[in-house]
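So the structure is just underneath, and the comments pick up after that.
Keep in mind it's a predicted model, so treat the numbers as computed, not measured. Computed from heavy atoms alone, side chains included, the values below leave out hydrogens, waters and symmetry copies. The chains referred to below are lettered A, B, ... by the order of the sequence lines, with proteins before strands, and numbering in each begins at 1.
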There are 2 protein chains.
Amino acid sequence: MTVTILVVEDELAIQELIALNLKKAGHIVLCASDAEQARKMVNNILPDLVLLDWMLPDMSGLEFAKKLRREERTKTIPIIMLTARVQESDKIAGLDAGADDYVTKPFSPRELLARIKAVLRRRLPEMSDEIIEIGGLKLDPVTHRVHVIATDDPSKATEITLGPTEFRLLHFLMAHKERVHTRAQLLDRVWGDHVFIEDRTVDVHIRRLRKILEKVEKENLVQTVRGTGYRFSIEQTEEAVE
Amino acid sequence: MTVTILVVEDELAIQELIALNLKKAGHIVLCASDAEQARKMVNNILPDLVLLDWMLPDMSGLEFAKKLRREERTKTIPIIMLTARVQESDKIAGLDAGADDYVTKPFSPRELLARIKAVLRRRLPEMSDEIIEIGGLKLDPVTHRVHVIATDDPSKATEITLGPTEFRLLHFLMAHKERVHTRAQLLDRVWGDHVFIEDRTVDVHIRRLRKILEKVEKENLVQTVRGTGYRFSIEQTEEAVE
DNA sequence: CCTGATTGTCATAAATTTGTAACGCATTCT
DNA sequence: AGAATGCGTTACAAATTTATGACAATCAGG
């Protein structure tokens, strides 16, 4: 998964150290030494995650975090705070402006990477570009294709075509298989946060997705959980046959 | 787990930050700035947990906690106190009023969420979405499935299908096993607050639940306690076996 | 500016769920 | 025993929840 990370840190030595490690881990790294620089950077390229030093020359990290949270475009970006020492007084009201995690200096690169991974997994599991293959369906986020694997001959694969929304919906469901998702949750995570769309619209898209899956007899992977929502699952809920 | 939390805190900045964090954690948040507002709110929507500032403009948090404890409808709601001081004497007074836990300012969102989770697990086990497995029945709130574990081969599991209400009912009973629940209690906690439904309706749902459990010979897990209500128990109240 | 694909909403149909009422059996009380 | 109470069962109609097809608005390219 190629993730773009913005590092906001005024001490150049530390900044570079972090950047080096992140690059080594395969991330794209953007660096800024103060909030103003960071702001410009964000305007230019939207990062997937922000590593934010608690103390910055021009504005406290806290302020900057709040700022990010306020703007529509940046409000959902995960933020990890880099705080010097474990001084409780630093954690001020202790309440951050919505940071997703803290890392206290000094920290090991290993720890930092682990935290980053954890936050990303929590916030954007379906953003990882890994191919997902479940129940005879193979979805490749990179090529943006979905294939049906023939059960008898795994080497054969038929492609199926999905619209943009259906693709994202299927991607999300597959990335979070075996879990029930309410319509509200799906709207939040597939359509985007704070969208003002009817719950029922989800039904329609599920319908569209199923219609396409019907053609390859995979429609029962998308299951209805009455009173709750929908679920992607291999396990078939067989009705009690009398 | 969708939990409704009422935040009673007069400092708006802190109130908002708490609300933000709670929402991010997937909770539904209600806010009040003083006891009077909080009272009205509680009358309207019964929260699952109350975060209560120690000092409020119109009434001490302590007073408000006691008030909640006095009323039938609210007496079981878990309360977490937000206190600026750590004085032992206060702690005792608070425990007296029935607070379930304390968080002293300043605190980190992580800590607050952890405390909330702990309190909920203790007081409202059916809200936590952990898998519950008792007497050969395994209920998973996340996937929303119920399985019967074969006694001879624990790896085999047959799924059973429940309607929404039966699922909630079984979930509640399993989360509070070995306890008798009156019909009124079940209506309050499974159907929800403020519902005006006949007591006898519970019987019917118990019946429906049992009917499904009969198919897998688990119906005696749901037991009748004559004159009181129902109970989920492994222990068999064996009648004169014929 | 046209063309076809995509999307959000509705209206309607279909499927399930749910609360009550009614009846009968069992247990307890008088 | 006879009455009273509590519970189990069944049947049903009302209410709720989903599925589905149609439609208009919007969008992306030509």
Side-chain angles (χ1 to χ4, degrees), chain A residues 144 146 160-173 180-188 190-215 219-232 237-242, chain B residues 144 146 160-173 180-188 190-215 219-232 237 239-240 242:
Chain A
H144 215 270
V146 181
I160 56 180
T161 320
L162 299 175
T165 307
E166 281 112 56
F167 185 86
R168 285 202 312 273
L169 179 58
L170 180 62
H171 190 184
F172 179 81
L173 288 175
V180 195
H181 308 281
T182 65
R183 293 176 174 72
Q185 283 166 349
L186 290 172
L187 282 176
D188 267 11
V190 176
W191 273 256
D193 209 18
H194 299 311
V195 280
F196 141 77
I197 291 182
E198 293 292 322
D199 267 19
R200 293 274 136 234
T201 299
V202 175
D203 297 31
V204 179
H205 281 273
I206 288 282
R207 163 70 177 136
R208 286 169 180 157
L209 180 54
R210 278 179 178 154
K211 209 165 194 173
I212 295 169
L213 292 177
E214 271 173 17
K215 291 190 237 169
E219 72 275 16
N220 32 24
L221 287 173
V222 178
Q223 303 167 359
T224 303
V225 179
R226 209 150 222 283
T228 307
Y230 297 97
R231 169 181 61 195
F232 186 96
T237 314
E238 41 198 309
E239 290 310 303
V241 190
E242 341 239 330
Chain B
H144 215 272
V146 181
I160 57 181
T161 318
L162 300 175
T165 306
E166 282 113 55
F167 186 88
R168 286 202 310 274
L169 180 58
L170 179 61
H171 190 183
F172 179 81
L173 289 175
V180 196
H181 308 282
T182 66
R183 293 174 175 71
Q185 282 166 350
L186 290 173
L187 282 176
D188 265 11
V190 176
W191 272 255
D193 200 33
H194 287 321
V195 282
F196 78 109
I197 291 182
E198 294 292 322
D199 267 21
R200 297 304 310 283
T201 298
V202 175
D203 297 29
V204 180
H205 280 275
I206 288 281
R207 162 67 179 140
R208 285 169 180 157
L209 181 53
R210 279 179 177 154
K211 206 165 194 173
I212 294 169
L213 292 178
E214 273 172 17
K215 292 191 232 169
E219 72 276 15
N220 31 25
L221 287 173
V222 178
Q223 303 166 0
T224 303
V225 179
R226 201 184 165 83
T228 309
Y230 297 96
R231 169 181 61 195
F232 186 97
T237 319
E239 295 304 306
E242 67 249 53

| query | With sequence neighbours left out, what residues match Arg207(B) under salt bridge (charged side-chain N to carboxylate O under 4.0 Å, His left out)? | reply | Glu214(B)
| What is the nucleic acid contact for Thr228(A), judged by heavy atoms within less than 4.0 Å: base, sugar-phosphate only, or nothing? | sugar-phosphate
| Do any side-chain nitrogens or oxygens of Tyr230(A) fall under 4.0 Å of OP1 or OP2 in dT17(D)? | no
| message | Does Leu209(A) form a side chain to side chain contact (heavy atoms under 4.5 Å, CB included) with Thr165(A)? I'd like the steps, not just the answer. | response | CA-CA 9 Å; Leu209(A) 180 54; Thr165(A) 307; over 6 Å; no
| message | Side chain of Val204(A) only, heavy atoms from C-beta on: which candidate in dC7(D), dT20(D), dG19(C) is closest? | response | dT20(D)
| field | Rounded interatomic separation in angstrom, taking CD from Glu198(B) and C1' from dA22(C) | value | 13 Å
| Would one find a side-chain N or O of Thr224(A) under 4.0 angstrom from OP1 or OP2 of dA19(D)? | yes
| note | When the rotation axes relating C1' atoms of four end pairs to the next four are compared across the helix from dC1(C)-dG30(D) to dT30(C)-dA1(D), five pairs an end, they differ to 10° by 30°
| request: Kindly indicate whether the side chain of Arg183(B) and the base of dG6(D) share any N or O donor-acceptor pair separated by less than 3.5 Å? | output: no
| note | Distance col, row Ile212(A):CD1 vs Leu162(A):CG, nearest 0.5 angstrom, shows 5.0 Å
| message | Looking at Arg200(A), I'd like to know whether one of its side-chain N or O atoms comes within less than 4.0 Å of OP1 or OP2 on dT18(D). | response | yes
| message | If you apply the rule side chain to side chain contact (heavy atoms under 4.5 Å, CB included), what do you find for Val202(B) with Ile197(B), and how did you get there? | response | CA-CA 9 Å; Val202(B) 175; Ile197(B) 291 182; over 6 Å; no
Could you go over nucleotides 28-30 of chain D and give all protein N or O partners under 3.5 Å, atom names and distances?
none

| Over how many whole Å does the gap from Asp199(A) atom CG to dT17(D) atom P extend? | 11 Å
| request: List for me each residue that meets salt bridge (charged side-chain N to carboxylate O under 4.0 Å, His left out) alongside Glu219(B), sequence neighbours excluded, and say none if there are none. | output: none
| For Thr228(B), side chain to side chain donor-acceptor pair (under 3.5 Å) partners two or more places apart | none
| task | Over all heavy atoms of both residues, which pair between Phe232(B) and Leu173(B) is shortest? Give the atoms and the distance, please. | result | CB-O, 3.5 Å
| request: Kindly state which residues belonging to residues 207-214 of chain B come within less than 4.0 angstrom of DNA chain C, counting heavy atoms of the residue only, listed by number. | output: Arg208(B)
| said: Can you list everything that forms a side chain to side chain donor-acceptor pair (under 3.5 Å) with Arg210(A)? Sequence neighbours excluded, please. | reply: Thr224(A)
| field | Partner residues of His205(B) under the ring pair (Phe, Tyr, Trp, His ring centres under 6.0 Å) criterion, sequence neighbours left out | value | Trp191(B)
If you restrict it to nitrogen or oxygen atoms, what contacts under 3.5 Å exist between nucleotides 2-6 of chain C and the protein, and what is each distance?
none

| message | Rounded to whole Å, how long is the line connecting atom CD of Gln223(B) with atom P of dC7(D)? | response | 15 Å
| query | How would you list, by chain and number, every residue that makes a side-chain contact (heavy atoms from CB on, under 4.5 Å) with Gln223(A), sequence neighbours excluded? | reply | Arg231(A), Ser233(A), Gln236(A), Thr237(A), Arg145(B)
| task | Kindly compute the distance separating CG (Leu187(B)) from CD (Gln185(B)), expressed to the nearest 0.5 Å. | result | 10.5 Å
| said: My understanding is that only residues two or more places apart in sequence, or in another chain, count here; which of them pass side chain to side chain donor-acceptor pair (under 3.5 Å) with Arg200(B)? | reply: Asp203(B)
| said: Just so I know, are the side chains of Asp199(B) and Thr182(B) near enough to count as touching, which here means a heavy-atom distance under 4.5 Å? | reply: no
| note | The ring pair (Phe, Tyr, Trp, His ring centres under 6.0 Å) partners of Phe172(B) (sequence neighbours excluded) come to His176(B), His181(B)
| message | Rounding to an integer number of Å, can you tell me how far Asp203(A) CG sits from dT12(C) P? | response | 18 Å
| field | Interatomic distance where NE2 belongs to His205(B) and C1' belongs to dG19(C) [whole Å] | value | 7 Å
| message | Can you tell me if Trp191(A) touches the phosphate of dT7(C), counting only side-chain N or O atoms and a distance under 4.0 Å to OP1 or OP2? | response | no
| message | Rounded to whole Å, please give me the gap between CZ in Arg226(B) and P in dT27(C). | response | 8 Å
